[in-house]
Participant: 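The structure that follows is given in the form of structure tokens.
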Amino acid sequence: MPEPLDPRTRELADSLAAVRQRLDAAVAAAGRRTGDVDLLVVTKFFPAADVERLISLGARQFGESREPEASRKIDELRACEANRDQRAASEIGSGAVAFDMIGSVQSKKAGSVAGWARAVHSVDREKIVTALGRAAATALAEARRREPLEILIQISLDGDPTRGGATEDEWPAIAELVKESEALRLRGVMAIAPIDGGADRWMAEAARVHQRFLADHPEATTLSTGMSGDLEEAVQHGSTCVRVGTAILGKRPLLSQ
Ligand SMILES: *Cc1c(COP(=O)(O)O)cnc(C)c1O
């Protein structure tokens, strides 16, 4: 007899299933293929126990946005190996479960991020590329990671520098710098739709920028756009990775908004 699910696991099972359904429907409506769009479950501000529950429900890719919260949570998950949930821990250890950094990175945190992140989605200045390149090279040399660190350049859709993201005159140089490092791999672009103006318009703009980017960097195939509120528009306009938090885990504490 399978054990009955605890209430939180049941809640997460329902919301994860609902988001997967939304994603499948959006992929079908866009005439795209199932499996074209990765679901990154954003677990920032939620405990390691929720990540474990989501792994038991089949989620394999997670997004975190802050240090040291992320390192601590992932250390806690890895420590599971020594105690109760062998299965969750061995999947984390084997790399079957991936954690991406989706929040802005400070140079002094590059070392710890390079220790756990598969990818960084939020690279928007040359200085952080240099710091991550150095940190990833060290982590590879010390066998704290096995693969180069994947880099997505966060692009600004409305040119407002206060909200993060590189503008069109900045991202070409950032991309070249990523390609100079053997410890980094250019994977694509990430964008967040501004609040005003309509998700459809911004997602179309993100897709246009990505197409221009691909002309120079054909290997950078990932388009990371779409969150709880706009994943349908993102998928319609070619997103290959949606980052969904609230619709799966519930509201974050007010402090985080
Ligand atoms: C928090 C966050 C998300 C998830 O947003 P929801 O609206 O909760 O789905 C996605 N992307 C980034 C960069 C975030 O910081």
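Indexing begins at 1, ligand by ligand and atom by atom, following the structure's order.
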Participant: Quick one: do Lys73 and Glu76 satisfy salt bridge (charged side-chain N to carboxylate O under 4.0 Å, His left out)? Show the steps, please.
Facilitator: CA-CA 5 Å; Lys73 204 180 293 182; Glu76 198 181 322; over 6 Å; no
Participant: To check your reading of the model: name the closest protein heavy atom to atom 12 (C) of ligand 1, its residue, and the distance in Å.
Facilitator: Ile102 CD1, 3.5 Å
Participant: More than 12 heavy atoms of other residues, nucleotides or ligands under 6.0 Å from CD of Glu219: yes or no?
Facilitator: yes
Participant: Report yes if Gly245 has an N/O atom closer than 3.5 Å to an N/O atom of ligand 1; otherwise report no.
Facilitator: yes
Participant: For atom 9 (O) of ligand 1, find the nearest protein heavy atom and state the residue, atom name and distance (0.1 Å precision).
Facilitator: Ser228 OG, 2.5 Å
Participant: Would you please test Glu67 and Lys109 for salt bridge (charged side-chain N to carboxylate O under 4.0 Å, His left out) and show each step?
Facilitator: CA-CA 7 Å; Glu67 279 289 60; Lys109 304 279 177 63; over 6 Å; no
Participant: Is the number of heavy atoms from other residues, nucleotides or ligands under 6.0 Å of Gln21 CD greater than 12?
Facilitator: no
Participant: For ligand 1, does Lys44 get within less than 4.0 Å through its side chain, its backbone, both, or neither, judged by non-hydrogen atoms?
Facilitator: side chain
Participant: Using heavy atoms and a 4.0 Å limit, tell me yes or no: is Arg252 in contact with ligand 1?
Facilitator: yes
Participant: Please say whether more than 12 non-hydrogen atoms of neighbouring residues, nucleotides or ligands are located less than 6.0 Å from CZ in Arg134.
Facilitator: no
Participant: Which of the atoms of ligand 1 are close to Val244, meaning less than 4.0 Å from one of its heavy atoms?
Facilitator: 9 (O)
Participant: Same cluster or not: are Leu249 and Ile74 linked, directly or through other Ile, Leu, Val, Met, Phe, Trp or Tyr residues, by side-chain heavy atoms under 4.5 angstrom apart?
Facilitator: yes
Participant: Students should be able to answer this: which protein heavy-atom is nearest to atom 11 (N) of ligand 1, and at what distance?
Facilitator: Arg243 NE, 2.9 Å
Participant: Quick check on contacts: which atoms of ligand 1 are under 4.0 angstrom from a heavy atom of Thr246?
Facilitator: 6 (P), 7 (O), 8 (O), 9 (O)
Participant: Please report which non-hydrogen protein atom sits nearest to atom 10 (C) of ligand 1, along with the residue it belongs to and the distance in Å to one decimal place.
Facilitator: Met227 SD, 3.2 Å
Participant: Determine whether Arg243 and Asp100 satisfy the following criterion, salt bridge (charged side-chain N to carboxylate O under 4.0 Å, His left out), listing intermediate values before the conclusion.
Facilitator: CA-CA 10 Å; Arg243 310 175 308 268; Asp100 287 0; over 6 Å; no
